[in-house]
Amino acid sequence: MSSIEIKDIWQIYDSRVVLEKISLNIEQGSFVSIVGPSGCGKTTLLRMLMSEEFCTRGSILLDGIPLPAEPTLERGVVFQRYSVFPHLTVLGNVLLPMELKASRWLGKLLGPKRYNAKEEARAMLEHVGLRHAADFYPAQLSGGMQQRLALAQALMAKPRVLLLDEPFSALDPGTRADIHVLTKRLWEETKMTIVMVTHDISEAFRLGTRVIVLERPTPDDPTKGARITHDIPVRPRAKDKKGAA
Ligand SMILES: Nc1ncnc2c1ncn2[C@@H]1O[C@H](COP(=O)(O)OP(=O)(O)OP(=O)(O)O)[C@@H](O)[C@H]1O
Ligand SMILES: [Mg+2]
């Protein structure tokens with residue numbers, strides 16, 4: 001739904017170069033996986049795409065326009081943990097983006113609008129298999145359920161871009177496989193652009209349409225930041241192609 005242009009960005013903290021000369025065009029509707037060693041700047045790059053961090057040099061355009069200076073609902077995010085609000089129920093968490101969209105000041109929907117929003121939120125919970133848990137609090141959910149809730153919450157704002165920072169790394173392999181299927185389905189249905197950071201190479205290739213590798217050429221040299229060392233297109237697997245069993 002949205003294209004992203006990352007133009008020659010650098011991130012330098014004090015005198016340590018973290019990211020160097022990163023340029024990347026992300027086509028709308030693609031699913032880009034980013035992999036790389038710990039500390040190479042993957043989260044930093046996602047935080048820039050969220051406007052939670054600013055590059056020292058360079059620029060990032062979303063559909064040809066510089067990113068807004070603050071996080072906005074058009075860019076959703078799911079982290080490894082703690083993306084949802086512990087004091088709100090499952091339904092309350094999914095309703096929140098709609099309430100914020102309706103009224104940033106009041107943060108509440110009233111009357112028929114609230115009723116309709118609740119119906120939409122329940123439909124989303126159904127979609128991610130959490131309708132039965134609408135009245136639970138996040139602490140009462142398993143890790144996999146919490147991440148499904150985090151995805152549902154991010155999707156309620158109908159973001160044009162979804163940013164995922166190791167969203168499934170705390171899950172056991174079975175739960176992870178299930179949530180991969182769900183994520184792929186949600187991506188196909190919404191046609192969102194997704195950028196996902198992961199340490200799991202097989203996850204990167206299974207979900208991504210493209211895998212970007214970030215690496216520091218000389219890890220101990222603070223004057224050299226991480227660069228894109230590989231940019232690998234991923235061909236859909238036969239069984240993932242439309243119409244295949
Ligand atoms: N606000 C900041 N101020 C100073 N240094 C920072 C800041 N944010 C990140 N860094 C540094 O930038 C480097 C990259 O951090 P980042 O969290 O982006 O790595 P990462 O690739 O996501 O690592 P991991 O795989 O472990 O999550 C680290 O050396 C980190 O200490
Ligand atoms: Mg990180």
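Heads up: numbering here begins at 1 and tracks the sequence. Counting starts at 1 for both ligands and their atoms, following the listed order.
Within the 4.0 Å heavy-atom criterion, neither part of Gln11 lies near ligand 1. The parts of Thr43 lying near ligand 1 are both backbone and side chain, judged by heavy-atom distances below 4.0 Å. Heavy atoms of Arg47 found under 4.0 angstrom from ligand 1: none, in either backbone or side chain.
The single protein non-hydrogen atom nearest to atom 15 (O) of ligand 1 is Thr44 OG1, 3.7 Å, given as residue, atom name and distance. Residue, atom and distance of the protein heavy atom nearest to atom 3 (N) of ligand 1 are Tyr13 CD2, 3.4 Å.
Protein N, O or S atom count below 2.8 Å of the Mg ion (ligand 2): the structure gives 1.
Residues Val234 and Leu207 fall into different hydrophobic clusters, defined by Ile, Leu, Val, Met, Phe, Trp and Tyr side chains chained together at heavy-atom separations under 4.5 Å.
Scanning Glu166, Arg216, Glu53 for the heavy atom closest to atom 27 (O) of ligand 1 points to Glu166.
In this structure, the side-chain hydrogen bond (donor to acceptor under 3.5 Å, both in side chains) partners of His180, at least two apart in sequence or on a different chain, are Glu203.
Side-chain contact between Thr209 and Trp187 is present, with at least one heavy-atom pair separated by less than 4.5 Å. Within the 4.5 Å cutoff, side-chain heavy atoms of Leu151 are placed close to those of Ile179. Annotation: side chain of Asp165 is not in contact with side chain of Val77 (no heavy-atom distance under 4.5 Å). Between Glu52 and Pro71 the shortest side-chain heavy-atom distance falls below 4.5 Å.
Ligand 1 lies within reach of Cys40, whose nearest heavy atom is under 4.0 Å from it.
Rounding to the nearest 0.5 Å gives a distance of 11.5 Å between CG of Leu49 and CG of Leu162.
Annotation for Leu171 and Arg176: closest pair O-NE, 3.8 Å, computed over non-hydrogen atoms.
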